[in-house]
Amino acid sequence: MVCAMRPTHTGKAGDAMMLRVENLSVSFRTDEGMITPVEGVQFGLDAGRTLGIVGESGSGKSVSTKALMRLLPNSARLSANTRMTFVDKRGETIEIEKLRPGSRALRRLRGGEIGMIFQEPMASFSPVYTIGNQIMETIRLHRGLKGAKARELAVETLSKVGISNPSARIDQYPHELSGGMRQRCMIALALSAEPRLLIADEPTTALDVTIQAQVLDLMHDLQRELGMAMIFITHDLGVIAQIAQDVAVMYLGTIVEQGPVRDVLQTPAHPYTRDLIAAIPRLDRLEHRLHTVPGEIPSPSARPTGCSFRTRCSDAIDGLCATKTPPVTDLGGGRMVRCHRHYPERTAT
Amino acid sequence: MTDTLIEVQNLEVTFEIGRRGLFSGAAKKLRAVDDVSFDIKHGETVGLVGESGSGKTTVGRAILRALEPSGGRVLYHGETGDLDLAHARKDEIAKVRGKLQMVFREGGLDLATLGGAALRAFRPRMSLVFQDPYSSLNPRMTVRDIIAEPLVAAGLMTDRKQIDARVREIAARCKLNLEHLRRFPHAFSGGQRQRICIARALVARPDFVVCDESVSALDVSIQAEIINLLKDLQEEMGVSFLFIAHDLSVVAQISHRVAVMYVGKFVEYAPTEALFFNPRHPYTHALLTAVPQADPDIEFRPERLEGEIPNPAAAPPGCRFHTRCRFARPKCSAEEPQWRQVAPEHYVACHFVDEMDFSRTIA
């Protein structure tokens, strides 16, 4: 794999890519009119790779990934030119945006092809069934195994995620387990369907650092073993640095910068990425004052004209950033940035 | 007057657990905080870290007597003289209310269990800064009334104009827009709500504020602002903070000294730099290695802590950390380690502290 995120303007070049998202825009009708929490999001992902998505609350990171699973509420509208293609286990290309709600193909996609785990494990589990019941149901639905065979596989999956004494734990209810244990069971539930892609939405945010380290370790090992691709959503750049190969930074519904993790974290190109990295309290340097991003994130219903970050940007260009939306600039090496400062033709405009 | 504000001596908090029903015998005792001693100076921030279930929140609440300690003393060296908060009568406490404030995390705290009278007696001198600022502000009160509440409840101020002036002063210091004071809390973002909580905590000019997971739920950029704000207010007002958090990097940036707790006991207490760059307890070191750094070139090698934190109701004998410690020897499960000083202001509870060296280089 040469590069996970190819430039978006190369068109057909990403044929082998497992997941490709183009022009993803999501709008909601609200009392205050239409809001567009996600606009023009593009990214791609190869099998076996991990893409990290970082951003603060309201940046649209969860909405984008829910759109991938078609999990958005009925009030949500995808733009007409949204394209989400996914190559499934059988090598067939699925056009996710065209799947009909409630269709067989969509049910197979959810869980079977794309699994999802959340910050709160109880969002995945029903409190009234045992862990085993729920894992076995998934196995029956997506792998076609029943009875003793399904149970055997469920026990195996639980032991894979590091649950001690899995044959006894399988008959426990979610509330009988500790937080870290539940998190592992949720991962086991998602993995039992053997998805090609796992979307993890802040899966370690609520955990203690020691347990977080165990879970990250586990996900890393499982990925290597199963060759599964991952999209890891978090606001913790430390977690991204350790688990992902590529990262996309989102601000107010658009990806402002993306590229290989090392490059983006060490030499950020977008002013927002720079601010974000500088604001993180570090363990290896004690500072008197932390860097802050001036101002607050505007509401999605009052998105600034031009570049959406210009109201907080220390590097904005007068008369340009407020009027023109910055185009995506390819910096080479798989890096992309949406900023007038990097757009070579800006002097001409 | 010494420069020490709060002196905690052998603090102990026990909870009765298990059913006290018809057929069960005596209730079991759970020692949530066991023999904890430390002090906090005027104008100082002491950080308190540990995994969930280690007892950090209980320490904060017991100091302010939001719950009853079962043993030990909490000496408060206030302007009006010394007072042992752990044994003080209600009327004595009423006199210092307003000087001690608390900023809580919402989650596990059940305000109802605090008991009406005990809570009311304390509220003005304690400030609560919650982890989740969305659910901790009364949606039916204006921001002005929320901030003024500690003043009014303690009867510290009765004149409306005086109260208004004080509220406006503290709101401005917390960088709240004055026209926001007439609004209701639902209209505010997480960062602004946290500012409202902080303004309320500081309105009665407290000496001491407990901040329990106060910035944990905020985005990094807002978190950085709130940390800077707390530092500024401390410089201006000379208030002391006990800053409870599970995020070690946040604690490192805000604290002068840091204590590490494990299953109800302090394992290490030291000046921030010593604790983070020259930790002496194996548990402190394990915690530090578990924090992923935002730089792919810093190798992430978390030290494996087997299993999970033990249940305090069944705390291991001897050193409580011995079940997960990679240096554990027979002595560790047999004998409880002494709390001893290893360097100026640096305290550790480990039998083999002299053999431990985890020092790291400073970037």
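In A:K66, the NZ atom is not crowded: 12 or fewer heavy atoms of neighbouring residues, nucleotides or ligands sit closer than 6.0 Å.
The two residues A:R282 and B:S249 come nearest to each other via the heavy atoms C-CB, 4.2 Å. Of all heavy-atom pairs between A:Q242 and B:I298, the closest is NE2-O, 3.7 Å. When all heavy atoms of B:A224 and A:A279 are compared, the pair lying nearest together is CB-O, 3.9 Å.
Residue contact with chain A, scored on non-hydrogen atoms closer than 4.5 Å, involves the backbone and the side chain of B:L288 alike. Contact annotation for B:I227: only side-chain heavy atoms (C-beta onward) come within less than 4.5 Å of a heavy atom of chain A. With a threshold of 4.5 angstrom between heavy atoms, B:F276 approaches chain A through side-chain atoms but not through N, CA, C or O. A:I240 does not touch chain B: none of its heavy atoms, backbone or side chain, sits under 4.5 Å away. Residue B:I309: no heavy atom, backbone or side chain, is found under 4.5 Å from chain A. Contact annotation for B:Q223: only side-chain heavy atoms (C-beta onward) come within less than 4.5 Å of a heavy atom of chain A.
Between B:R304 and A:D217 there is a salt bridge, since a side-chain N of the basic residue sits under 4.0 Å from a carboxylate O of the acidic one. Under the 4.0 Å criterion applied to side-chain N and carboxylate O atoms, A:R289 and B:D232 are assigned as salt-bridge partners.
The line from NE2 of A:H291 to OG of B:S221 is 9.5 Å long, rounded to the nearest 0.5 Å. In this structure, the separation between OG1 on A:T210 and OH on B:Y283 is 6.0 Å, given to the nearest 0.5 Å. A distance of 6.5 Å separates CG in A:D208 from NE2 in B:H246, rounded to the nearest 0.5 Å. We find the CZ-CZ distance between B:F277 and A:R285 to be 10.0 Å, quoted to the nearest 0.5 Å.
Between chain B and the options A:S57, A:A278, A:G162, A:G55, the largest number of non-hydrogen pairs under 4.5 Å is found for A:S57. Chosen from B:I222, B:D295, B:L248, the residue pairing most often with chain A at heavy-atom distances under 4.5 Å is B:D295. Ranked by heavy-atom pairs under 4.5 Å with chain B, the list A:I297, A:I280, A:T292 is led by A:T292. Comparing B:V291, B:D297, B:L287, B:L305 by heavy-atom pairs within less than 4.5 Å of chain A, the highest count is held by B:D297.
Judged by distance alone, the side chain of B:Q253 and the main-chain N or O of A:L286 form no donor-acceptor pair under 3.5 Å. At distances below 3.5 Å, not a single donor-acceptor pair connects side-chain atoms of B:E225 with backbone N or O atoms of A:P294.
In this structure, the side chains of B:P302 and A:Q212 stay at 4.5 Å or more apart for every pair of heavy atoms.
A side-chain contact (heavy atoms from CB on, under 4.5 Å) with B:V220 is found for exactly one of A:V293, A:L237, A:L276, namely A:L276.
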